[in-house]
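Report on one structure; see the data block that follows.
In what follows, chains carry the letters A, B, and so on, assigned in the order in which the sequence lines appear, proteins first and then strands, with residues in each chain numbered from 1.
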There are 2 protein chains.
Amino acid sequence: MGDKSYPGAMNDTEWLRLDRQICFSLHAASRAFNGVYRVLLKDLGLTYPQYLVMLVLWEQGDLPVKKLGEQLRLDSGTLSPLVKRLEGAGLVRRERSAADERSVLVRLTGEGAALRERALEVPRRIMSATGFDLAEIVDLRARLDQLTTALDAAAAAEARGAR
Amino acid sequence: MGDKSYPGAMNDTEWLRLDRQICFSLHAASRAFNGVYRVLLKDLGLTYPQYLVMLVLWEQGDLPVKKLGEQLRLDSGTLSPLVKRLEGAGLVRRERSAADERSVLVRLTGEGAALRERALEVPRRIMSATGFDLAEIVDLRARLDQLTTALDAAAAAEARGAR
DNA sequence: CACAATTAAGTTGCGCACAACTAAATGGGG
DNA sequence: CCCCATTTAGTTGTGCGCAACTTAATTGTG
């Protein structure tokens, strides 16, 4: 490499520059998204990851921590303290399952369920903040999911290789 | 899911579900990307944000912390400890500017400059991990940048409105 | 020139992500 | 039946991101 005599051939410097651009774009987009949600969610007293947890609970009802983690691809190291903070805010309760004492069920309180009403305006405000229309959003989401699937597979393969 | 009798009509439940999907997709993609880089960068002893800083330094040479922050949209609260860790690893030195004693110049050491050689294979391995071709990557990057610009503008407008 | 406003870097505190680990309950194989 | 591998939560430690604050140097304005 290091030849730019024909199209598609990039030298080292160009590859690194492109990588910087890609890295930065995704990193910046993620933080920008986070920033807009942070502003909108401030009124609700939620952080962005807490909002994600509440969205899942509003949609699917009470869930054990394990299931929450599967939905959001987060482990107990992240979820345990997060759910405790939601409990501290009075939005959920945690209950040991009687059937399986290892499992902890996260239940919405009345207050937590009621918060949904105040969250209803968030999605539309986000949508308008992006300046994208519905089709573009859906398309972007599809690409991102495709990317995530590929990256997860590659990371798994890499981990296997390093073993 | 629900009524899709005419386009553009979604009820609250569907909006929340869509928002969960979008939030999650971007959040997950960002973390998946981070995860792949984490694996690849482990050999280099760099984290993903540290790699971003090194990419900028390799490309643009020694820079004051301020300029680094502008390039990466990171403030001193994030950069100061990060650069200190890079200094601890022997990759950069920090030097107070003689001309302006407020400013701190971040300079690559020989070791830091040499690390670039070992980083050259990273971009192509990332590219192959995504399963996307160059055109798709470049297109995705353009969309993400567009998104970031819109979101930053919206956040700024929101902040002005709240003041 | 004096002094207030601005600027650059750093510090503190909080929450998230993740790796590595512990503790306790469960379930399966000898 | 007992032991051990597995499963589920939780804890600890590190680094990042960001808000709010501090410190020190510089700039600008009367």
Between [N] ([atom2]) and [X] ([atom1]): distance, integer Å:
{"X": "B/L105", "N": "C/dA9", "atom1": "CG", "atom2": "P", "result": "10 Å"}
{"X": "A/F33", "N": "D/dC18", "atom1": "CZ", "atom2": "C1'", "result": "19 Å"}
{"X": "B/L41", "N": "C/dC18", "atom1": "CG", "atom2": "P", "result": "15 Å"}
{"X": "B/L46", "N": "D/dG15", "atom1": "CG", "atom2": "C1'", "result": "13 Å"}
{"X": "A/K42", "N": "C/dG15", "atom1": "NZ", "atom2": "C1'", "result": "15 Å"}
{"X": "A/L68", "N": "D/dA9", "atom1": "CG", "atom2": "C1'", "result": "13 Å"}
{"X": "B/N34", "N": "D/dT14", "atom1": "CG", "atom2": "P", "result": "19 Å"}
{"X": "B/L52", "N": "D/dG15", "atom1": "CG", "atom2": "P", "result": "17 Å"}

About how many Å separate CG of B/L52 and OG1 of B/T47, when rounded to the nearest 0.5 Å?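 That separation rounds to 8.5 Å.
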Could you grab the distance from atom CZ of B/R20 to atom CD of A/E59, nearest 0.5 Å is fine?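 That separation rounds to 4.0 Å.
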Using 30° and 60° as the class limits, which term best fits the ring planes of B/Y37 and B/Y51: parallel, tilted or perpendicular?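 Ring orientation, 0 to 90° scale: tilted.
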Candidate nucleotides [options], ranked by approach to the side chain of [X] - the nearest:
{"X": "A/R94", "options": "D/dG10, C/dG10, C/dC18", "value": "D/dG10"}
{"X": "B/R102", "options": "C/dG10, C/dA17, C/dT6", "value": "C/dT6"}
{"X": "A/D100", "options": "C/dT26, C/dA17, C/dG15", "value": "C/dT26"}
{"X": "A/T78", "options": "C/dA17, C/dT7, D/dA9", "value": "C/dA17"}
{"X": "B/R31", "options": "D/dG10, C/dC18, D/dC18", "value": "C/dC18"}
{"X": "A/V65", "options": "D/dG10, C/dA24, C/dT11", "value": "D/dG10"}
{"X": "B/K66", "options": "C/dA8, D/dG10, C/dG10", "value": "C/dA8"}
{"X": "B/E101", "options": "D/dA25, C/dA25, D/dG17", "value": "D/dA25"}
{"X": "B/S103", "options": "C/dA19, D/dA9, C/dA8", "value": "C/dA8"}
{"X": "A/K84", "options": "C/dA9, D/dT11, C/dA25", "value": "D/dT11"}

Residue mapping more 5' on DNA chain C - nearest nucleotide basis, A/A98 or A/D75: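 So the residue in question is A/D75.
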Hey, which of these two, A/P49 or B/G77, hits DNA chain C nearer its 5' end, going by closest nucleotide?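 On the 5' side of the pair lies B/G77.
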Residue pair A/L16 / B/R116: nearest heavy atoms and the distance that separates them: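 The pair with the smallest heavy-atom distance is CD1-NE, 3.6 Å.
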Which heavy atom of A/V122 sits nearest a heavy atom of A/L41, and at what distance?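 Smallest interatomic distance, heavy atoms only, reads CG2-CD2, 4.3 Å.
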Within the 4.0 Å heavy-atom criterion, would you say A/L79 contacts the bases, only the backbone, or no part of the nucleic acid?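 If one applies the 4.0 Å heavy-atom cut-off, A/L79 turns out to touch nothing in the nucleic acid.
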Report which part of the nucleic acid A/A99 touches: base, sugar-phosphate, or nothing (heavy-atom distance under 4.0 Å, all strands).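 Since only primed, P, OP1 and OP2 atoms lie under 4.0 Å of A/A99, the category is sugar-phosphate.
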5' precedence on DNA chain D between A/P81 and B/R73 (nearest-nucleotide basis):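 Counting from the 5' end, the first nearest nucleotide belongs to A/P81.
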Electrostatic pair A/R124:B/D12 at N-O distance under 4.0 angstrom: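 Yes.
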Polar pair under 3.5 Å, donor/acceptor by atom type, side chain A/S76, base D/dG10: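 By the distance-only test, yes, there is a pair.
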